[in-house]
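Below, chain A is the first sequence line, B the second, and so on; all start at residue 1. Values below: every heavy atom of this structure, side chains too, minus hydrogens, waters and symmetry copies. Keep in mind it's a predicted model, so treat the numbers as computed, not measured.
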2 protein chains.
Amino acid sequence: MSDVAHTAGVSLVTVSRAINTPDKVSPETLQRVRQAIRHLGYVPNLTAGSLASSRSNIVAAIVPTLSNLVFSETVDALAATLAHSGYQLLLGQSAYSADEEAALVDAFLGRRVDGLVLTGLSQSAALRAKLRRSGIPVVQTWDFPSSPNQNDPIDMLVGFSNIEVGRAAARHLLSRGHARLAFIGSDEERSRLRLSGFEAEAREQDAQAVEVSLIPPPVSVNDAGRILEGILARNTGVSAVFCNNDLLATGLLFTCLKNGWPVPDRMAVMGFGDLPLSRATSPGLSTIRIHHTELGKRAGKLLLSRLSGKSIARPRQNIGFRIMQRSST
Amino acid sequence: MSDVAHTAGVSLVTVSRAINTPDKVSPETLQRVRQAIRHLGYVPNLTAGSLASSRSNIVAAIVPTLSNLVFSETVDALAATLAHSGYQLLLGQSAYSADEEAALVDAFLGRRVDGLVLTGLSQSAALRAKLRRSGIPVVQTWDFPSSPNQNDPIDMLVGFSNIEVGRAAARHLLSRGHARLAFIGSDEERSRLRLSGFEAEAREQDAQAVEVSLIPPPVSVNDAGRILEGILARNTGVSAVFCNNDLLATGLLFTCLKNGWPVPDRMAVMGFGDLPLSRATSPGLSTIRIHHTELGKRAGKLLLSRLSGKSIARPRQNIGFRIMQRSST
DNA sequence: ATGAAAGCGCTAACAG
DNA sequence: CTGTTAGCGCTTTCAT
């Protein structure tokens with residue numbers, strides 16, 4: 001930077017201003033500085049800038065995995081929203097592990113990121129306290145408090161109630177005349193919340209049974225088919241399955257088709273997530289739509305508002321969900 | 001840090017060493033320092049560390065979008081590989097735009113990232129020169145040079161030949177007895193490379209026609225179905241379609257099923273990418289498998305080797321591809 | 001094994 | 001509009 005300053009015949013600060021606040025520099029000076037920058041191939045060191053200004057222009061996000069489209073599309077929208085305002089995204093994957101998440105948070109706080117986006121509300125009390133003390137804006141996503149057992153939000157929030165999703169799914173299947181239900185999902189926090197809602201609703205409506213299978217993540221397409229075969233072999237009378245993600249549900253749909261089990265007459269299948277691909281199956285997959293790109297966008301906007309010092313009208317947003325009834329139920 | 005030093009009764013350097021190179025500190029001192037750190041809730045400022053050491057422990061990656069599973073799974077594997085060695089991932093999305101990519105590179109170089117992963121080989125001469133001058137390790141991915149028209153690699157490379165993919169697809173369809181082919185893909189660099197290979201092979205084998213449709217990204221499930229309807233309406237005699245991504249191909253498969261067009265007898269459908277979901281369709285989707293998680297892993301390993309000063313046996317790796325013939329062709 | 005001194009490359013605060 | 005001064009919070013020598 002001092003090379004640039006010499007070449008342009010100005011001081012260091014002027015170069016800094018020419019780069020960061022060009023309208024505070026006279027047009028002629030600006031031009032000389034820019035020319036010097038180009039001439040020397042100068043690349044400003046943003047790390048030094050961050051240290052001096054204590055703003056990193058980096059936002060971090062932690063998701064369980066990018067190998068699930070619902071999360072990668074959320075991150076896509078988040079990164080795009082932030083990029084418009086000059087923020088970059090530092091990404092961490094927790095693999096559904098609270099320890100990994102905590103370790104990532106430490107690393108990100110150490111980097112003095114300007115904001116943080118988390119998945120879920122289940123962070124430990126210690127972690128929540130640490131984040132509150134850090135003073136940086138935090139957005140939790142992918143859930144919304146509904147039961148008294150859930151933690152208090154750390155700061156901002158944009159999500160939907162997983163428990164209500166579970167309830168809505170049970171309600172839907174019961175209303176279609178099914179009395180014996182199955183739940184197949186991956187064994188992780190939010191899936192278990194949906195299960196708890198599903199079971200609660202089934203209980204309250206006197207459903208005759210709920211068969212539960214939780215698969216350790218990552219799940220694969222054929223898992224649900226395998227599990228359903230087991231359920232059918234036991235003659236449990238199950239006639240409807242709620243698969244806790246569309247990959248499982250679509251795989252199950254295909255299994256039913258292959259085995260000649262009529263959907264939804266022999267077996268009703270319901271998914272979660274509304275993946276682009278699942279929208280085109282035949283029969284159409286009934287599922288629960290989460291507007292996950294909106295979720296990423298709103299998380300980004302919340303952070304940007306806070307970072308630009310604006311007051312935030314609604315720091316805790318429930319974006320809800322929608323039952324997409326198609327032909328599989 | 002100086003608070004910690006005072007509390008532990010040592011100097012700044014010792015605290016630094018206790019954190020970064022604990023085996024260079026006596027056990028008793030180490031314990032005192034660690035206790036002070038915990039007691040004070042000290043979080044080391046990695047930005048300051050980066051500035052002083054000129055190592056950021058950050059690697060940046062640029063992909064077109066995370067909303068395509070082939071890329072998000074690659075990034076997943078890359079991030080996981082890097083995380084094992086303490087590197088974090090800074091992510092940029094180019095939206096298939098060379099300008100966006102160039103802007104992201106500038107930002108990342110400014111942050112003094114320790115390494116960079118790019119998608120494709122089509123960077124401008126200026127950008128390639130800038131990256132070479134920067135001296136940081138760069139890995140280009142998702143393509144491999146085969147035609148003399150392609151650019152020289154910047155540094156390291158792990159990919160496969162998109163042109164050869166196109167050729168292989170044409171060869172496969174022609175060998176199945178189809179003489180009039182269609183190509184449907186998104187209008188972007190690598191898809192066009194596959195198209196060029198597809199057309200070249202078709203020409204050399206005297207195929208009677210290749211109908212081409214390029215869709216501006218992002219593509220959606222039903223795009224290919226709509227296009228095929230147009231092709232059929234024109235009575236072109238096309239009997240086989242190469243869809244340049246599995247989302248399109250699977251959508252097309254569903255369209256054919258819905259319309260009662262027998263697959264592959266009336267219309268053969270071939271995809272690209274081998275998405276998890278597409279593996280379970282019925283009829284099974286013939287497609288081209290890219291081991292994209294391996295791609296991410298190798299890109300990460302190449303960077304890690306270089307960053308740890310190891311010599312690299314094969315800095316340019318062609319991981320190839322594989323034709324997965326299932327029932328749709 | 002520990003410490004003192006000298007920066008890393010920039011921005012903030014103040015002055016003119 | 002421009003410049004001077006003083007750090008930001010660490011790590012890197014080089015000593016001891």
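In this structure, of D/dT12, C/dT2, C/dC10, it is C/dC10 that holds the atom nearest to the side chain of A/Pro44. Closest to the side chain of A/Arg17, from the set D/dG9, C/dT2, D/dG3, is D/dG3. When distances are taken from the side chain of B/Thr14 to each of C/dG3, C/dG9, D/dC10, the shortest belongs to C/dG3.
An OP1 or OP2 oxygen of C/dT2 is reached within less than 4.0 angstrom by no side-chain nitrogen or oxygen of B/Ser11. Regarding contacts with the backbone of D/dT11, a side-chain N or O of B/Asn20 is found under 4.0 angstrom from either OP1 or OP2. An OP1 or OP2 oxygen of D/dT2 is reached within less than 4.0 angstrom by a side-chain nitrogen or oxygen of A/Ser26. OP1 or OP2 of D/dT11 lies within a sub-4.0 Å distance of a side-chain N or O belonging to B/Ser16.
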Inset, instruction - Check the pair A/Arg132 / A/Asp155 against salt bridge (charged side-chain N to carboxylate O under 4.0 Å, His left out), numbers first and verdict last. - result: CA-CA 7 Å; A/Arg132 288 207 190 89; A/Asp155 180 8; over 6 Å; no
Inset, instruction - Kindly indicate, with the supporting measurements, whether the criterion side-chain hydrogen bond (donor to acceptor under 3.5 Å, both in side chains) is fulfilled by A/Asn57 and A/Gln88. - result: CA-CA 6 Å; A/Asn57 278 294; A/Gln88 247 112 41; over 6 Å; no
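Annotation: proximity of residues 102-111 of chain A to DNA chain D (heavy atom, distance under 4.0 Å) is found for no residue.
Remark: of the listed residues B/Thr119, B/Val117, B/Leu89, B/Leu89 is the sole one forming a side chain to side chain contact (heavy atoms under 4.5 Å, CB included) with B/Val75.
Heavy atoms of A/Thr29 sit under 4.0 angstrom from primed sugar atoms or phosphate atoms, though from no base atom. When heavy atoms are screened at a 4.0 angstrom cut-off, B/Val13 is found touching base atoms of the nucleic acid. Contacts of A/Arg55 with the nucleic acid, taken as non-hydrogen atoms under 4.0 Å apart, involve only primed sugar atoms and P, OP1 or OP2.
Atom CG of B/Leu46 and atom P of D/dT11 are 9 Å apart (whole Å). In this entry the distance linking CG of B/Leu12 with P of C/dA4 reads 9 Å, nearest Å. A straight line from CE of A/Met1 to P of C/dC8 spans 14 Å, rounded to a whole angstrom. Distance CG (A/Leu51) to P (C/dT11): 11 Å, rounded to an integer number of Å. Residue A/Asn45 contributes atom CG, which lies 18 Å from atom P of C/dG7 at whole-angstrom precision. Atom CD1 in B/Ile19 sits about 7 Å away from atom P in D/dT11, given to the nearest Å.
Looking at every heavy atom in both residues, A/Arg314 comes nearest to A/Gln317 through O-NE2, 3.0 Å.
For a distance-only test at 3.5 Å, the side chain of B/Arg112 fails to qualify as a donor-acceptor partner of the base of C/dG9.
Electrostatic pairing of A/Glu294 and A/Arg298 counts as a salt bridge here, judged by a charged N lying under 4.0 Å from a carboxylate O. Remark: B/Asp106 engages B/Lys130 in a salt bridge, criterion side-chain N to carboxylate O under 4.0 Å. With respect to A/Asp187 and A/Arg192, a salt bridge is recorded, a charged nitrogen being found less than 4.0 Å from a carboxylate O.
Mapping B/Ala48 and B/Glu28 onto DNA chain C by nearest heavy atom places B/Glu28 at the nucleotide closer to the 5' end.
In this structure, the side chains of B/Pro145 and B/Leu157 come closer than 4.5 Å at one or more pairs of heavy atoms.
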